[in-house]
S.K.: 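Shown below is the structure under consideration.
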2 protein chains.
Amino acid sequence: MVKFVGLIYPLFIMSKCEQCIVREFSSLKALSKNELVHLSDCKTSHTIKKGEVIFEEGENVNGIYCIKDGVCKLTKLSPNGKDHIVKLVTKGELLGQRSMISEEPVNLSAVALEDMEVCFIPKSEVMGFFDKNNQFSMNVMKTICGDLKEADDHMVNLAQKTVKERLAETLLYLYDTFGKNEDNTLKIQLSRDELASMIGTATESCIRLLSDFKKLGLIELTGKKILLKDISKLKKLAE
Amino acid sequence: MVKFVGLIYPLFIMSKCEQCIVREFSSLKALSKNELVHLSDCKTSHTIKKGEVIFEEGENVNGIYCIKDGVCKLTKLSPNGKDHIVKLVTKGELLGQRSMISEEPVNLSAVALEDMEVCFIPKSEVMGFFDKNNQFSMNVMKTICGDLKEADDHMVNLAQKTVKERLAETLLYLYDTFGKNEDNTLKIQLSRDELASMIGTATESCIRLLSDFKKLGLIELTGKKILLKDISKLKKLAE
DNA sequence: TTAAAAATATGACATTTGTCATATAAATGG
DNA sequence: CCATTTATATGACAAATGTCATATTTTTAA
């Protein structure tokens, strides 16, 4: 029996990419068995605690991160000193692709919203895939194109919708994307401050509108927990 | 002599890609002589008058446009019925790449702000380049990554800056990107309405702020023409 | 456990921005 | 050229949002 333990244990520690289910959700799904074996040797695994920074705006990140578990926020500091949350990124997605391709420092900071498991893949490795695996390149391109479309949509919302509409929309987005707990509250937990910096408003305005929504019976607030009570009305509000 | 005319004239009409200087400014610069010759046969040339639509949000555009001359706006309709100008695109740039790669309808409309010359390259042709010319793929990827970064920046501006700051910033952007006429006025001519829909505000607010800027001696207004009088003060205003 | 710090909540008020009305100027088409 | 439409401009006011003060609750760390 002892020899089995010796065999199985390292597999666990090194978390081989071939056996990692999460890769199926990202561009990495295009990699061949051989490429995955090679990847396992190059990558490094990291545990990130809630609140910790993965990388910071302006840094040179020489590779990409694959998120095995957890969620992080991508933020950008505006000239007035406030952070804006540009995007939330979760399990199965890759981080740092844009910066790597552009050969520039990252333009956003990544901060864990929960405890996370991530793997770092060095640039040299990824560039090799680009050269030899057309499907992988295409997947990355499609992902970035999807991000660009999302960004366009987001931009128009910020430019044309009211704060109230954006709050309703964001609550629905959080619900659709990250789901709910057994008690039906939003699974992802954001502070009022973070929620405000997602919708682009002052923290107080965000809190005030949440209170309004509560009074209107659209949501329920219990501490940090938010429960969406009337989704169809929220949808109407979000236009 | 007559035979020379017969030889030269068609060259002009067909505007061979090998001789088109504009391609040096886009991803197409990676194409080989052979690829360019082939491209010349596939592409179609079009003249677009000011105000005309190149494509509309939701359409299937089966290829990309290469802008040989002129400027157009990329707009997106928001739920409230107003258009938002997401981006201006000018001579040397390509249109429709994102949609082609994502294999989706275009998410933005393209409308000429001036008379334009564009060439349409069918999707099949571009996909061939993707397969066979790695440098071309890389160029396209870098362009889209640049667009994504720009979009992020734009988003944060919309979320965090005041209308006044955004107006100042936009005037400077127009100056830097499109230059000035001999009389020092902005070369690109936008209506107040278009300017407003770039900065994400009501037309009246935009007009009012322009008047304020004029009173403060920052700009001069002569009909549609805008002259930037005090660039450093505008920069301070834009933060 | 408890004191201190941080987050949430709310009121009061100022400021920004949007909307509607209307005037004036410019562009357009016969 | 003139009449009509469209764009620009401005006032008056309403609505949305931000800021500051302060209270209350929750979290954190000693």
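Lettering of chains follows the sequences in order, A, B, ..., and the numbering in each one begins at 1.
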S.K.: Rounded to whole angstrom units, what separation is found between the NZ atom of B/Lys50 and the C1' atom of C/dA27?
M.R.: 11 Å
S.K.: Which donor-acceptor pairs under 3.5 Å do side chains of residues 165-175 of chain A form with protein atoms, sequence neighbours excluded?
M.R.:
{"unit_1": "A/Glu165", "atom_1": "OE1", "unit_2": "A/Thr162", "atom_2": "N", "d": "2.9"}
{"unit_1": "A/Arg166", "atom_1": "NE", "unit_2": "A/Ile199", "atom_2": "O", "d": "2.9"}
{"unit_1": "A/Arg166", "atom_1": "NH1", "unit_2": "A/Lys161", "atom_2": "O", "d": "2.9"}
{"unit_1": "A/Arg166", "atom_1": "NH2", "unit_2": "A/Ile199", "atom_2": "O", "d": "2.7"}
{"unit_1": "A/Arg166", "atom_1": "NH2", "unit_2": "A/Gly200", "atom_2": "O", "d": "2.9"}
{"unit_1": "A/Glu169", "atom_1": "OE1", "unit_2": "A/Asn157", "atom_2": "ND2", "d": "3.0"}
{"unit_1": "A/Glu169", "atom_1": "OE2", "unit_2": "A/Asn157", "atom_2": "ND2", "d": "3.2"}
{"unit_1": "A/Glu169", "atom_1": "OE2", "unit_2": "A/Lys161", "atom_2": "NZ", "d": "3.2"}
{"unit_1": "A/Thr170", "atom_1": "OG1", "unit_2": "A/Arg166", "atom_2": "O", "d": "2.7"}

S.K.: Return the value, rounded to whole Å, for the distance between atom CG of A/Leu158 and atom C1' of D/dA16.
M.R.: 16 Å
S.K.: Expressed as a whole number of angstroms, how long is the span from A/Leu209:CG to C/dT8:C1'?
M.R.: 15 Å
S.K.: To the closest 0.5 Å, what do you measure between CE (B/Met198) and OG1 (B/Thr75)?
M.R.: 12.0 Å
S.K.: When you measure from the side-chain N and O atoms of B/Lys82 to the phosphate of C/dT19, is any distance below 4.0 Å, counting only OP1 and OP2?
M.R.: yes
S.K.: Would you say B/Lys164 reaches C/dT16's phosphate, i.e. side-chain N/O to OP1/OP2 under 4.0 Å?
M.R.: no
S.K.: Both A/Val163 and A/Glu204 contact DNA chain D. Taking the nearest nucleotide for each, which residue is further toward the 5' end?
M.R.: A/Val163
S.K.: Will you find, in the side chains of B/Ser45 and B/Glu117, an N or O donor that is under 3.5 Å from an N or O acceptor?
M.R.: no
S.K.: Choose from D/dG18, C/dA9, D/dA9 the nucleotide whose nearest atom is closest to any side-chain atom of A/Leu221.
M.R.: C/dA9
S.K.: Could you check A/Glu93, A/His154, A/Lys73 and say which one makes a side-chain contact (heavy atoms from CB on, under 4.5 Å) with A/Lys87?
M.R.: A/Glu93
S.K.: Nearest 0.5 Å, please: how far is CG in B/Asn60 from NZ in B/Lys123?
M.R.: 9.0 Å
S.K.: Can you tell me if A/Lys224 touches the phosphate of D/dT26, counting only side-chain N or O atoms and a distance under 4.0 Å to OP1 or OP2?
M.R.: no
S.K.: Would you compute the distance between atom CG of A/Leu186 and atom CD1 of A/Ile226 and round it to the nearest 0.5 angstrom?
M.R.: 5.5 Å
S.K.: Can you check the A/Ile226 CD1 to C/dA7 C1' distance for me, whole Å?
M.R.: 13 Å
S.K.: Does a side-chain N or O of A/Thr203 approach OP1 or OP2 of C/dT8 to a distance below 4.0 Å, or not?
M.R.: no
S.K.: Would you say A/Asp183 and A/Thr185 are linked by a side-chain donor-acceptor pair, where the criterion is simply a distance under 3.5 Å?
M.R.: yes
S.K.: As a test of reading the structure: which of D/dC20, C/dT8, D/dT17 is closest to the side chain of A/Ile207, going by heavy atoms?
M.R.: C/dT8
S.K.: Tell me the interatomic distance from A/Asn80, atom CG, to D/dT17, atom C1', rounded to whole angstroms.
M.R.: 15 Å
S.K.: Return whichever of A/Thr162 or B/Ser205 has its heavy-atom-nearest nucleotide of DNA chain D closer to the 5' end.
M.R.: B/Ser205
S.K.: Rounding to a whole Å, what distance do you find between A/Leu167:CG and D/dT17:C1'?
M.R.: 14 Å
S.K.: Would you mind reading off the distance between B/Leu237 atom CG and C/dT16 atom P, rounded to a whole angstrom?
M.R.: 12 Å
S.K.: Given atom CD of B/Glu165 and atom C1' of C/dT15, what is their separation to the nearest angstrom?
M.R.: 13 Å
S.K.: Any residue in residues 177-196 of chain A with a heavy atom nearer than 4.0 angstrom to DNA chain D? Just list them by number, or reply none.
M.R.: none
S.K.: By nearest heavy atom, map A/Gly223 and A/Ala159 onto DNA chain C; which one lands nearer the 5' end?
M.R.: A/Gly223
S.K.: Which nucleotide in the list C/dT19, D/dA9, D/dT19 gets nearest to the side chain of A/Arg208?
M.R.: D/dT19
